Protein chains: 2
Amino acid sequence: MSKAARSDTPSGRLTLLTLARDLGVSRATVSNAYNRPDQLSPALRARILARAAELGFTGPDPMARGLRRGRVGAVGVLVDESLSYAFSDPTSVLFLDGLAREVQADGLGLLLHPALRDPAALRALADAAVDAWVVQSLPDGHPAVGVVSSRGRPVVVVDQPALPGVPVVGIDDASGATTAVRHLTRLGHRRLAVLAMPLGCDRRQGRADTERQRSAEYAVMRRRLAGAAAAVAEADLDWADVPVVEVAANEPDAAARAAAELLTGPDRPTGVFASTDQLALGVVRAARDLGLAVPGDLSVVGFDDSPAARSAEPPLTTVAQPLRDRGQRVGVLVRAALRGEEVGVPAPAVVGLVVRSSTAPPPGARGRR
Amino acid sequence: MSKAARSDTPSGRLTLLTLARDLGVSRATVSNAYNRPDQLSPALRARILARAAELGFTGPDPMARGLRRGRVGAVGVLVDESLSYAFSDPTSVLFLDGLAREVQADGLGLLLHPALRDPAALRALADAAVDAWVVQSLPDGHPAVGVVSSRGRPVVVVDQPALPGVPVVGIDDASGATTAVRHLTRLGHRRLAVLAMPLGCDRRQGRADTERQRSAEYAVMRRRLAGAAAAVAEADLDWADVPVVEVAANEPDAAARAAAELLTGPDRPTGVFASTDQLALGVVRAARDLGLAVPGDLSVVGFDDSPAARSAEPPLTTVAQPLRDRGQRVGVLVRAALRGEEVGVPAPAVVGLVVRSSTAPPPGARGRR
DNA sequence: ACTATCGTCTGGATCGTTACAGAAACCACG
DNA sequence: CGTGGTTTCTGTAACGATCCAGACGATAGT
């Protein structure tokens with residue numbers, strides 16, 4: 001009979017039809033053997049599956065099935081620029097892990113695409129076969145976001161950018177930052193500084209004036225800076241006097257270089273709010289290299305509560321956001337949208353400060369509080 | 001005319017046909033406007049694209065195109081167990097980055113799937129729409145490997161497992177390990193120990209006897225241990241006397257716990273070969289916690305030359321393998337296979353020792369060499 | 001004995017696109 | 001004015017599956 005099968009399909013490609021002809025049943029029945037076991041007798045199903053294994057047929061073609069059913073089993077993830085950045089940032093890693101675990105339940109994989117700006121890459125995005133898109137923390141107005149959201153598939157945004165009618169899973173960045181900076185001012189710090197991730201795509205670095213802050217392309221940074229500014233004002237200090245230093249990349253190394261400069265001046269800050277833990281780790285390292293004790297000479301507050309913050313030396317005081325949870329929550333929204341449910345925009349999660357050992361009253365202060 | 005378009009497709013779904021009817025041209029022409037600009041006049045093409053934008057048509061449906069062309073624009077990556085592991089291991093991160101960069105050139109994305117063993121997950125793998133599969137360092141006989149390789153698409157394996165007729169991108173693990181251990185013995189170390197990643201999927205940990213070593217499911221570990229054994233024999237030592245400790249996970253924390261035990265015994269080793277840098281970092285930390293100086297009291301050699309090895313304190317002596325390059329090489333093979341070229345099995349790359357500051361002669365040795 | 005119901009299985013239509021062969025129009029040339 | 005060669009566009013046939021309405025017996029209810 002395998003002879004018949006061969007001669008029927010000279011091409012040699014194995015399809016449902018091949019198998020159906022070989023067994024003398026209809027295509028629909030073979031299809032049902034794979035997709036709806038209740039639609040045919042167990043005996044016939046067993047016979048079909050056995051013969052399939054014999055012939056080396058491994059099941060229906062994913063693309064054909066995808067076309068017919070309107071599903072491919074993939075959730076697209078649009079990650080910022082290079083994948084290596086997305087992977088090296090622990091924040092991102094935990095997020096992806098949480099997301100992957102959640103969507104796994106429906107047999108979905110993650111299709112990673114970097115959000116590049118050149119036409120070829122944009123075309124590749126438009127052509128990507130996915131059931132839904134997850135946009136992971138991209139700057140406002142990034143062209144790739146437009147491309148994926150115009151495809152008509154469900155979209156879930158993480159953190160940024162805000163899109164009309166699209167659910168965003170995020171946190172209350174502003175109040176988180178306020179809490180962090182307030183912690184410093186309550187400890188008595190009056191000379192503060194802030195470290196920021198890149199505010200735009202122009203790779204600029206160094207001191208960022210208020211204009212630059214307000215026009216930052218990353219909404220998350222805008223919000224965190226605004227939150228920090230609020231706490232500063234609350235303490236009767238002038239935000240314009242607080243140096244905001246933009247770091248070239250969200251990495252400890254880059255932050256350490258930026259911080260070194262900040263910490264060598266005559267009236268160096270006694271308290272630094274680093275807007276991510278990665279940056280905070282760099283500040284701590286820079287301080288150590290300069291012979292400054294943390295928290296004795298310098299207090300450092302981070303943001304995110306990444307695993308590294310916990311195991312750092314000293315353990316970082318930081319704003320805790322539930323990293324893996326976020327991934328899971330995005331996954332839940334994606335699955336719901338794929339089931340056709342109308343998903344609302346969830347409220348941003350509130351975040352709390354975790355006080356560890358990287359903060360203390362400024363040197364010379366007598367524990368005023 | 002937009003009225004006509006609407007009434008033609010009551011469903012409201014926008015397809016090539018919708019657009020073609022609206023413009024009074026054939027589907028093929030619209031298709032060509034997207035895929036073969038040279039097949040129609042620039043004027044008509046512009047008209048089509050303009051009207052498409054007006055109507056909100058974002059281009060041909062990826063799945064239908066996938067079915068017709070036999071391509072979906074995705075390279076499947078089979079990663080070990082949880083994605084978080086794949087992401088937290090720097091080795092893996094750099095690999096994926098290199099791979100992604102390379103395949104990007106053809107507009108391909110990476111479809112990540114964890115290699116689970118339950119039937120539902122295996123079914124999801126079989127149903128995944130990909131153009132090719134990359135198997136990233138899985139244990140011998142993992143069922144997921146069988147599933148993806150039986151799909152009839154090109155497969156490229158990284159490191160392990162060896163599959164008949166399938167190209168493997170890997171390194172000469174054995175000679176790398178030999179070099180590493182030889183470095184220790186040449187320095188004069190006689191009391192050695194070895195740390196190994198998990199050797200099987202049974203989550204076992206602790207001392208691994210030679211039987212366990214030989215039957216390790218991970219070929220990479222088998223080879224590295226064999227290489228280490230060769231160097232030990234070369235130095236007239238008995239491999240059976242060298243404790244090989246299996247660590248529960250390839251993470252510094254787990255390694256530190258395992259090492260702590262190893263370093264507290266009466267005749268503790270003076271030289272440790274950690275079979276990955278992650279493990280080596282853990283050993284260094286454990287030593288520091290016990291008040292042992294590295295390399296003064298204890299020499300540690302790693303494997304991989306991950307970024308962390310370079311910036312560690314002290315910088316690690318390690319076996320260097322070109323991590324991002326590997327990803328790129330895999331990408332090149334995948335692209336070639338997708339172009340229909342016959343790809344051969346490349347020879348494993350040779351690796352060299354990078355001597356940094358985590359190794360020195362054993363305490364009490366007078367610089368014999 | 002005559003429907004009603006159920007469990008199985010089939011045939012044809014359909015998903016939205018691209019490949020391919022060929023038709024129509026146009027140009028230049030002898 | 002026919003001839004050959006482009007350029008530009010069209011119609012039809014796949015691609016490989018799933019969905020749906022119904023056919024066909026067999027069983028059961030009345």
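No experiment lies behind these values; they were computed from the predicted model shown. Numbered from 1 within each chain, the chains take letters A, B, ... in sequence-line order.
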Separation of atom [atom1] in [X] from atom [atom2] in [N], rounded to whole Å:
X	N	atom1	atom2	answer
A/Arg69	C/dG16	CZ	C1'	18 Å
A/Asp38	C/dG7	CG	P	10 Å
A/Asp127	C/dT17	CG	C1'	12 Å
A/Met63	C/dT17	CE	P	16 Å
B/Arg153	D/dG16	CZ	C1'	12 Å
B/Arg71	C/dT17	CZ	C1'	16 Å
B/Arg65	D/dA14	CZ	C1'	17 Å
A/Arg47	C/dT8	CZ	C1'	13 Å

*asked:* What I want to find out is whether A/Arg65 reaches A/Asp61 closely enough, with some N-O distance under 4.0 Å, to be called a salt bridge.
replied: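 Result for this pair is no, no salt bridge flagged.
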*Is B/Asp106 salt-bridged to B/Arg339, going by a charged N under 4.0 Å from an acidic O?*
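Salt bridge flag = no for B/Arg339 with B/Asp106.
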*If every non-hydrogen atom of A/Val79 is compared with every non-hydrogen atom of A/Leu138, which pair is closest and at what distance?*
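Smallest interatomic distance, heavy atoms only, reads C-CD2, 4.3 Å.
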Taking only the side-chain heavy atoms of [X] (C-beta and beyond), determine which of [options] contains the nearest atom.
X	options	result
A/Leu16	C/dG16, D/dT18, C/dA19	D/dT18
B/Leu67	C/dG16, D/dG11, C/dT8	C/dG16
A/Phe57	C/dT17, C/dT10, D/dA17	D/dA17
B/Arg27	C/dT18, D/dG11, C/dG11	C/dT18

*asked:* Let's test your reading of the model: under 3.5 Å, does the base of C/dT17 pair with the side chain of B/Arg68 as donor and acceptor?
replied: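 Between C/dT17 and B/Arg68, which were checked side chain against base, a qualifying N/O pair under 3.5 Å is absent.
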*At what distance, to the nearest 0.5 angstrom, does CG of B/Asp127 lie from CG of A/Asn35?*
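Answer for the CG-CG pair, B/Asp127 versus A/Asn35, is 8.0 Å.
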*Check B/Asp140, B/Asp159, B/Asp80 against B/Tyr218 for a side-chain hydrogen bond (donor to acceptor under 3.5 Å, both in side chains) and give me the one that passes.*
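Testing B/Tyr218 for a side-chain hydrogen bond (donor to acceptor under 3.5 Å, both in side chains) against B/Asp140, B/Asp159, B/Asp80 leaves exactly one candidate, B/Asp80.
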[X] side chain N/O closer than 4.0 Å to the phosphate oxygens (OP1, OP2) of [N]?
X	N	value
A/Ser41	C/dC9	yes
A/Ser31	D/dT18	yes
A/Asn35	D/dT18	yes
B/Thr15	C/dT17	yes
B/Thr29	D/dT10	yes

*Would you classify A/Arg36 as touching base, sugar-phosphate or nothing, given that sugar-phosphate means primed atoms plus P, OP1 and OP2, and contacts are heavy atoms under 4.0 Å?*
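A/Arg36: backbone/sugar contact only, no base atoms under 4.0 Å.
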